Colleague: 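Take this structure first; my questions come after.
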Amino acid sequence: MTTRHSGGRIRRASRQRGAFSVMAIIATLIAITTLGAIGVGNLFYQRRDVQRIADMAALAAVQRMDDVCSQPTATATSNAQSNGLNASNGDTINIECGRWDTSVNPAPSYYAAATSGTTQLNAAKVVVTRQVPFFFVGPPQTISAVSTARSTNIDTFSVGATLAALGGVGCAGGSAPTSGNPGLVNGLVGALLGANLNLNIASYQALACTNVTVGDLVVAAGVGTVDQLLALKLTLPQLIQLMVNAATKTTVANASLQASIATLQAILNANVPGTSIGLGGVGGLLNVALADTQAALNAQVDLLDLLMVGAEIAATGKPAVAVNVPSLNLGGLTGTQLQVQIISPPSIGIGEGGIDPATGTWRTKASTAAVGVYLNVYLGTAQLPLLGALLALLNVNVDVNLPIYLQAGTGTATLNSTQCASTQAASTVVITAQPGVANLCIGKPPLDSSGKISLSSNYNCTSPAQIINSNVLGLAQLTVSMSNISVQVQGASQSHTFSGVPGIDANYWTVNSNALGSALSSALTQLAAANITVNLGLFGANVLTVPGNFVSTLLTFLTSLLGPLLSSLDAVLVPLLNLLGVQVGAATVHQISLNCGVAQTVY
C-alpha cells in the first residue's frame with residue numbers, strides 16, 4: 001500500500017509538472033504572439049506614418065513647383081521634418097520632380113521624371129524610408145513609402161491691345177475714360193458684328209475690366225463639363241447672351257459688372273445677325289491646351305476679349321467689312337474708304353506653360369488675327385507746277401488720292417512658365433510675345449467685283465496706284481501712277497514676367513512701341529526709287545511732252561503732302577488695329593488670370 005501511495009504521488013506530481021509545462025508553453029506562445037502582433041502592428045503603424053509623411057511632403061512640394069526642383073525639394077524636406085521625419089534615427093527622404101500627364105505618360109501613374117529640356121514641371125514624387133526594429137528578435141525592418149502629387153497651374157492670356165485702344169484709365173480705377181475715338185470703335189465693332197452701335201468709350205472699357213470664369217460659361221450654357229462647352233457652336237447673339245448669363249452668375253469681383261451687362265444688352269438690342277462660331281477646337285474662341293480640360297473651370301477671361309475674338313472669328317473668310325466712320329479725320333484730311341478684312345482668326349490661350357516634348361512646341365499659345373486694312377485717303381486739291389517748253393509756267397490744280405493697304409500676319413504669345421507662391425502677388429507668369437510681320441503698301445490692293453479688298457496669306461504690292469487724275473485747263477488729262485512702295489515691319493521677340501494678381505493694369509505689356517508711323521516714313525524714303533508713270537494727253541491722245549524735271553517736282557510735291565499725313569494716320573489706324581488685337585512691329589500681351597491648381601495625390 002505504501003508503494004502504491006508513493007507511486008500515486010509521483011504520478012500526480014508528474015501530471016502537475018506536465019500541466020505547468022503546457023501552460024508555460026502556451027503562455028510563451030501567447031507572449032510571442034502578442035509581441036509579434038505588437039511588432040507587426042508597429043510595422044504597419046510605422047508604414048502608415050511614413051506614407052503620411054510622404055503624402056504631405058509631396059503635396060507641399062507641388063505647391064512650390066519650379067523647373068529646377070529647388071523650391072519643391074526644400075519645401076518637401078521641411079514639411080517632412082515637421083511631420084515626423086527623423087534623420088537622426090535613420091529616416092531618409094528623396095524628392096524628384098517631373099510631369100503628370102495622362103496624354104503622354106503611361107498608366108497607371110501617368111508620371112515621368114524630368115529629363116533634360118523638360119519644362120513646366122507639375123508633379124513631385126517623394127520616397128521616404130525608415131528603419132523599424134522588432135520588439136523581440138530579428139534585425140530591423142526597412143520600410144518605405146512613395147507618393148506622387150500634382151498641381152496644374154493654369155494661365156489665361158491674350159495677345160493684342162484691346163484695352164489700350166480705348167483710351168482713358170485702366171482697370172485699376174480712376175475717373176471715366178476721357179480719350180479715345182468712340183466713332184472709330186463703334187464703326188469697327190459694329191462692322192464686325194453687322195450692327196449699328198452707338199456706345200461710349202466707358203461702355204467698352206467696362207467690358208475690358210470685367211472677368212468671368214470658364215466655369216461661369218459652363219453653368220450659363222447649361223452643360224456639365226468644359227469639354228461639352230468647347231463642343232458648342234453658337235451664333236453671335238447666342239454667344240453674347242451666354243456672356244450676359246455668365247456675368248450675371250459670376251462670383252468674380254468686378255467693379256464694372258453692371259455696366260458690362262448693360263453694354264452687352266445694348267449690343268443684343270442692335271440686332272446682331274446670327275453668324276455661327278465654335279467655342280473650342282481649331283479656330284475656336286477658347287484655345288484650352290490641357291489634357292484635363294476640366295481643370296480650366298476657374299480660368300478667367302474678360303468680356304471684351306470674348307466679344308472681339310468671337311466677332312473676328314465670325315468675320316474670318318468673309319468679304320472685307322467697310323468701317324462706317326462719318327468723319328474719319330486725318331489731320332484735316334478725309335478718308336474716303338476704310339475697309340477691314342479678317343484673314344485668320346485670333347485665339348485666347350488657356351493652359352499650362354512649357355514645351356510639350358511629344359511635339360516640341362509650346363503647350364499654350366494665344367494669337368492675333370491676320371488682317372488686311374485698306375485706307376484710300378483723299379489728300380484734296382493742290383497746285384502742281386508744270387514746267388515745259390510749250391507751257392511757260394502753269395499752276396495746275398490736281399486732286400490727289402493715296403491708296404494705302406496694310407497686311408499684318410499673325411502675332412503670337414507663348415506661355416513659358418508659371419510659378420505659384422504662397423500669395424498671388426509673389427506668383428509669376430513668364431510669356432514670350434512675337435509680333436506678326438506687317439507689310440505696308442502704297443498701291444492698289446486686290447479688290448473683288450464689289451470693290452472690297454480680297455487678300456490672302458501671301459502678300460504682294462505689285463499693282464500701281466493712280467494717285468493723280470486731273471484735267472489741265474480743260475484741254476489735257478494728267479494721270480500719275482506709282483508702284484513699288486512697300487515696307488515690311490517685324491518687331492523682335494521678347495519675354496516678360498507678370499505678377500499673378502489678376503485685374504491690374506500691369507497685366508498689359510507691350511513688346512515695343514507701335515511702328516506704323518515709322519513704317520510710312522520709310523515708305524516716303526522709297527519715293528525716289530518708285531516707278532512713277534506720267535501721262536499727259538490731249539483729246540484722248542498722249543501727244544504732250546512731260547517736262548524732264550517733272551518727276552523731281554512731283555516727288556517734292558508728294559513729300560510735302562504726305563508728311564502731315566503720317567502722324568495723323570497713327571491716331572486712327574493704331575487704335576483701329578489695337579482693337580483688332582493687331583499691331584505693327586509690336587505685340588501687347590494681356591495677362592488675364594493665373595489659377596494655381598489644387599494639389600492632389602495621384603499615385
Side-chain angles (χ1 to χ4, degrees), residues 63-68 71 119-122 151-166 169-173 208-214 252-254 286-290 295-296 298-306 309 346-355 362-368 411-435 491-514 578 581 583 586-597:
Q63 295 178 63
R64 298 292 184 271
M65 186 58 64
D66 58 38
D67 277 347
V68 294
Q71 289 192 73
T119 57
Q120 196 58 60
L121 308 180
N122 68 353
S151 179
T152 303
N153 303 329
I154 300 172
D155 194 60
T156 307
F157 62 102
S158 64
V159 55
T162 51
L163 181 62
L166 303 178
V169 299
C171 296
C209 297
T210 301
N211 286 4
V212 296
T213 67
V214 173
V252 179
N254 292 300
L286 300 174
N287 179 21
V288 180
L290 292 167
N298 293 323
Q300 297 181 28
V301 63
D302 72 88
L303 297 180
L304 184 61
D305 277 335
L306 286 174
V309 173
S347 64
I348 299 170
I350 301 176
E352 290 185 272
I355 294 176
W362 293 100
R363 292 188 181 92
T364 308
K365 299 178 183 178
S367 64
T368 67
T412 59
T414 55
L415 182 58
N416 293 24
S417 64
T418 60
Q419 182 170 306
C420 288
S422 56
T423 64
Q424 279 191 315
S427 300
T428 57
V429 176
V430 179
I431 295 177
T432 295
Q434 173 65 65
S493 171
Q494 293 185 39
S495 298
H496 183 71
T497 301
F498 293 89
S499 165
V501 179
I504 60 175
D505 296 333
N507 288 348
Y508 284 88
W509 166 76
T510 301
V511 170
N512 56 345
S513 60
N514 203 294
N578 281 350
Q583 295 163 286
T588 295
V589 176
H590 180 196
Q591 163 57 24
I592 301 173
S593 68
L594 170 65
N595 293 98
C596 296

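Keep in mind that this is a model prediction, so the values were computed, not measured. If you read the sequence from its start, that first residue is 1, and numbering goes on from there.
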Colleague: Decide yes or no on side-chain contact (heavy atoms from CB on, under 4.5 Å) for Leu290 and Glu352, but give the supporting numbers first.
Modeller: CA-CA 7 Å; Leu290 292 167; Glu352 290 185 272; 3.7 Å; yes
Colleague: Taking side-chain hydrogen bond (donor to acceptor under 3.5 Å, both in side chains) as the test, write out the residues that go with Gln434, two or more places apart.
Modeller: none
Colleague: Check side-chain contact (heavy atoms from CB on, under 4.5 Å) between Ala299 and all other residues, then give those that pass, not counting sequence neighbours.
Modeller: Ile154, Thr156, Val214, Ile350, Asn595
Colleague: With rounding to the nearest 0.5 Å, note down the distance linking NE2 in His496 to OG1 in Thr588.
Modeller: 11.0 Å
Colleague: How close do Ala366 and Gly349 get, heavy atom to heavy atom, and via which atoms?
Modeller: CB-N, 3.7 Å
Colleague: Search all heavy atoms of Asp305 against all heavy atoms of Ser158 and return the closest pair with its distance.
Modeller: OD2-OG, 3.1 Å
Colleague: List the steps, then state whether side-chain contact (heavy atoms from CB on, under 4.5 Å) holds for Thr412 with Lys365.
Modeller: CA-CA 7 Å; Thr412 59; Lys365 299 178 183 178; 5.7 Å; no
Colleague: Measure the spacing between CD of Gln419 and OG1 of Thr428 and express it to the nearest 0.5 Å.
Modeller: 4.5 Å
Colleague: Please name the pair of heavy atoms, one in Gln71 and one in Arg64, separated by the smallest distance, quoted to 0.1 Å.
Modeller: CB-O, 3.2 Å
Colleague: Just to verify, what does Thr432 make a side-chain contact (heavy atoms from CB on, under 4.5 Å) with, not counting sequence neighbours?
Modeller: Thr414, Asn416, Ser493, Ser495
Colleague: For residues Ala425 and Ser499, report the shortest heavy-atom separation together with the two atoms involved.
Modeller: O-OG, 3.9 Å
Colleague: Identify, with sequence neighbours excluded, every residue that meets side-chain hydrogen bond (donor to acceptor under 3.5 Å, both in side chains) alongside Thr364.
Modeller: none
Colleague: So, for Thr368 and Gly411, which heavy atoms are closest and what is the spacing to 0.1 Å?
Modeller: OG1-N, 2.7 Å
Colleague: Among residues at least two apart in sequence or on other chains, which ones pass side-chain contact (heavy atoms from CB on, under 4.5 Å) with Ser427?
Modeller: Cys420, Ala421, Leu594, Cys596
Colleague: Would Thr210 and Val252 count as a side-chain contact (heavy atoms from CB on, under 4.5 Å) if you check the C-alpha gap in whole Å, the side-chain angles of each, and the deciding distance to 0.1 Å?
Modeller: CA-CA 9 Å; Thr210 301; Val252 179; over 6 Å; no
Colleague: If we ignore hydrogens and angles and just use 3.5 Å, is the side chain of Asn254 paired with the main-chain N or O of Asn211 as donor and acceptor?
Modeller: yes
Colleague: Between Gln591 and Asp155, does the side chain to side chain donor-acceptor pair (under 3.5 Å) criterion hold? Intermediate values first, please.
Modeller: CA-CA 8 Å; Gln591 163 57 24; Asp155 194 60; 2.6 Å; yes
Colleague: Would you find a donor on one side and an acceptor on the other, under 3.5 Å apart, between the side chain of Gln120 and the backbone of Thr418?
Modeller: yes
Colleague: For Ser347, what residues pass the side-chain contact (heavy atoms from CB on, under 4.5 Å) criterion, not counting sequence neighbours?
Modeller: Asn287, Ser367
Colleague: Check Leu415 against Gly351 and note the closest heavy-atom contact, atom names and distance.
Modeller: CD2-O, 3.4 Å
